Every structure is written in C-alpha cells, then in structure tokens.
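Bear in mind that the values here come from a model prediction, so they are computed numbers and not experimental data.
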Amino acid sequence: VKFGFPGAFAFTLLGWSAVDQRNAWIEISQLDELLDVIRWQTDYLMRAHVRDANGDTEAFYGQVGGGHVDHAYWGPPETMTMARPSYKVTRAQPGSDLTAETASALAVASLAFTPEDPAYAAQLLEHARALYDFADTYRGKYVNAINDATSFYNSWSGYEDELVWGALWLYRATAESTYLTKAESYFAQFHEGAFQSSQAWGNYHWTLNWDDKKYGSVVLLAALTEKSKYMEYAEKWLDYWTVGFNGQQVQYSSGGQAYLDQWGSLRYSANTAFLALWYSDFVRDYGTRYRDFGESQIDYALGANPEGRSYVVGFGASAPIN
C-alpha cells in the first residue's frame with residue numbers, strides 16, 4: 001500500500017539532507033544514489049498530481065491500495081492479487097496536511113536538483129507551488145477524504161503544522177518573502193503558545209515525525225529569521241531532549257536511547273538527532289550539547305547499544321534480515 005502522507009514526509013527529510021548535508025553524501029560517493037531515489041519518489045508525486053488548464057490543483061492521489069487488506073497479506077508484492085483502489089483529495093474533499101507535505105517534499109527536492117538538473121528542479125517547484133496553494137485555499141484533514149488511511153496514518157496534529165512547514169520550504173526554494181511571512185503568521189496562530197509554555201507535556205514534549213512538523217518548523221524559523229524567540233523555543237525543546245528543561249526531560253533507557261514511544265521508538269530519537277545536529281551546524285550549540293546528543297542517538301541505532309547490534313537493515317553488525 002502506498003500511504004502518501006508519511007511517504008511524502010520521508011522524502012522531505014531525505015531532500016533536506018541532500019541540500020544541507022550535500023558534502024557528506026559526496027564524500028561517501030552516495031549523492032547520485034540519493035538523488036536517484038528522491039527522483040523515483042518525486043516522479044511518482046507529480047504523476048499523482050492532477051491539474052487544470054491553468055496549472056491549479058484539481059486533485060491529488062494520496063493512497064493506492066487498501067490498508068487493512070494489504071496489512072493482512074504476508075508475502076511478496078509480486079504475488080498480490082487483491083484489488084488496488086486509489087484514493088484522492090479534491091477541492092470538494094480537501095487534504096491540506098497531505099498536499100502541503102507533498103509540496104514540502106517537492107520544494108526541497110527542487111533545491112536538491114538545482115545544481116545538476118535545473119529544468120527538473122523548476123518542474124518540481126511548479127508542482128510544489130500549486131499543491132501548497134491548494135492546501136492553503138481548500139482546507140481540511142486528508143483522512144476525511146481518504147477514510148481508509150484513518151486507522152494507519154491519521155493526521156492527529158491537524159493540518160496547520162503542514163501549512164507552516166510547507167511555507168518554509170517554499171520560502172527556501174523561492175526566496176519569496178510572502179512564504180516566510182505566511183509561515184510566521186501561521187506559526188504564531190497555531191503553535192507559538194505551545195512553545196511559550198514552561199510545561200513540556202501537551203506542549204513541546206513530542207518530536208518531528210510523519211504527523212507533527214512544528215518541531216522542524218521552529219528549528220527552520222530560528223535559522224531563517226535569526227530571531228531570538230525562535231531560538232528560545234527551539235532550544236527549550238532541544239534541552240528537553242538533552243539536558244532537561246525546567247525539571248522536565250524525555251525518558252532515557254538504561255542503554256542510552258532517548259525513549260519517547262514504543263512504536264518505532266528509534267524514529268523519534270533519530271529524527272530528533274537529525275534536528276539537533278542540524279541546529280548545531282546552522283544555528284548554534286552550547287559547547288557540544290546538541291551535537292553530542294545527535295551523535296549518541298545515531299550511534300545507538302547503529303550498534304552502540306546493550307545488544308551490540310545495528311537496528312538498521314543491511315548495515316552494521318547483526319543487522320535485522322527478516
């Protein structure tokens with residue numbers, strides 16, 4: 001089953017790495033492979049995008065295959081024989097979270113491809129603009145249109161965080177101040193109160209993931225605006241994950257993993273590590289507080305853990321194979 005919402009988010013992060021950590025990919029001779037896998041996804045996202053004669057979004061296909069039927073089948077995709085319905089959002093049944101996240105993935109990919117293929121980058125950006133305009137104009141949660149996704153990838157945080165996130169990526173891709181103004185306005189409207197709180201729980205105790213983008217947005221806002229309030233918000237959250245803030249701190253396992261939740265627990269610590277490392281590189285750090293945290297969590301995932309094994313398929317010692 002193709003779940004478009006988490007799928008687009010995964011490629012927003014891969015694209016971000018391709019843009020801002022490009023030298024690392026070049027050093028390990030993997031940039032071509034990275035861009036190849038991003039293009040595989042962005043080609044798909046553009047094919048899923050239905051536009052009218054003016055180039056405006058009419059519909060976007062956000063899922064292929066039924067989640068329950070697909071999840072009940074344990075076997076290779078080559079032998080699947082069940083129906084593969086496709087599901088879309090439209091102007092009448094919109095999905096701002098899905099389409100703004102897709103706009104983010106395409107916008108950051110346009111930045112990633114600009115040095116090698118500016119024509120393709122321009123095509124990606126054109127689609128990103130149209131999808132973001134659609135998300136902002138026709139507002140609603142995508143699961144109201146694609147009901148099958150509700151049991152799997154419901155947008156619990158709402159679509160407002162994707163409107164901020166998408167505007168930030170379009171600002172980076174276009175340098176047009178209207179997008180940054182919109183991002184700051186929506187952040188103030190929807191998220192600022194949470195980061196102003198001195199209580200983590202219910203406010204800033206979570207992290208960047210396929211559903212909730214406000215943590216990535218506050219880190220980007222700190223870098224793009226250099227405003228002290230965004231740095232304060234970002235560091236309050238990063239401190240919660242590292243040294244603690246106001247007597248509150250994320251839970252740590254005995255082996256050293258920052259442990260937020262049971263379902264795919266490493267995704268939370270790895271995503272936070274990515275933001276901590278990026279913030280350390282592009283904004284500031286206190287000694288090596290955020291860098292040390294980021295490195296410790298990635299090292300844990302790759303083998304520096306009580307079992308002495310890698311949790312990444314195909315990499316390192318005793319990696320998962322089934």
For the residue pair Phe187 and Phe195, categorise the inter-ring angle as parallel (less than 30°), tilted (30 to 60°) or perpendicular (more than 60°).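 Parallel, since the angle between the ring planes stays under 30°.
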Parallel, tilted or perpendicular, as decided by the 30° and 60° cut-offs, for the rings of Phe152 and His71: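 Ring orientation of His71 relative to Phe152: tilted.
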Can you confirm if the NZ or CZ of Arg139 lies within 45° of the ring axis of Tyr186 and under 6.0 Å from the centre of its six-membered ring?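 Yes.
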Ring-face cation contact, Phe134 with Arg91, 6.0 Å cut, 45° max: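 Pair Arg91/Phe134 does not count as cation-pi.
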Can you spot which of Asp261, Thr272, Asp212 makes a side-chain hydrogen bond (donor to acceptor under 3.5 Å, both in side chains) with Thr207? Thr272
Given 3.5 Å as the limit, does a donor-acceptor pair link the side chain of Ser155 with the main chain of Gly158, or not?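 Confirmed, Ser155 side chain pairs with Gly158 backbone.
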Run the numbers on Tyr230 and Thr225 for side chain to side chain contact (heavy atoms under 4.5 Å, CB included), then give the verdict. CA-CA 8 Å; Tyr230 296 128; Thr225 70; 3.2 Å; yes
Do [X] and [Y] sit within salt-bridge range, that is, some charged N less than 4.0 Å from a carboxylate O?
X	Y	value
Lys227	Glu232	no
Arg172	Asp20	yes
Glu295	Arg289	no

Side-chain contact, heavy-atom cut-off 4.5 Å: Asp56 with Asp133?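 The answer is no, as the side chains (C-beta and beyond) never meet within the 4.5 Å cut-off.
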Does some side-chain heavy atom of Tyr61 sit less than 4.5 Å from a side-chain heavy atom of Lys2?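 SC-SC contact between Lys2 and Tyr61 ruled out.
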What heavy-atom pair brings Trp210 and Arg267 nearest, and what distance separates the two atoms?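 For Trp210 and Arg267, the tightest heavy-atom pair comes out as NE1-NH1, 3.0 Å.
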Checking Tyr153 against Asp97 for the side-chain hydrogen bond (donor to acceptor under 3.5 Å, both in side chains) test, could you report, in this order, the C-alpha distance in whole Å, the side-chain angles of both residues, the deciding distance, and whether it holds? CA-CA 11 Å; Tyr153 292 102; Asp97 31 23; over 6 Å; no
Below 6.0 angstrom between ring centroids: does that apply to Phe245 and Tyr240?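 No.
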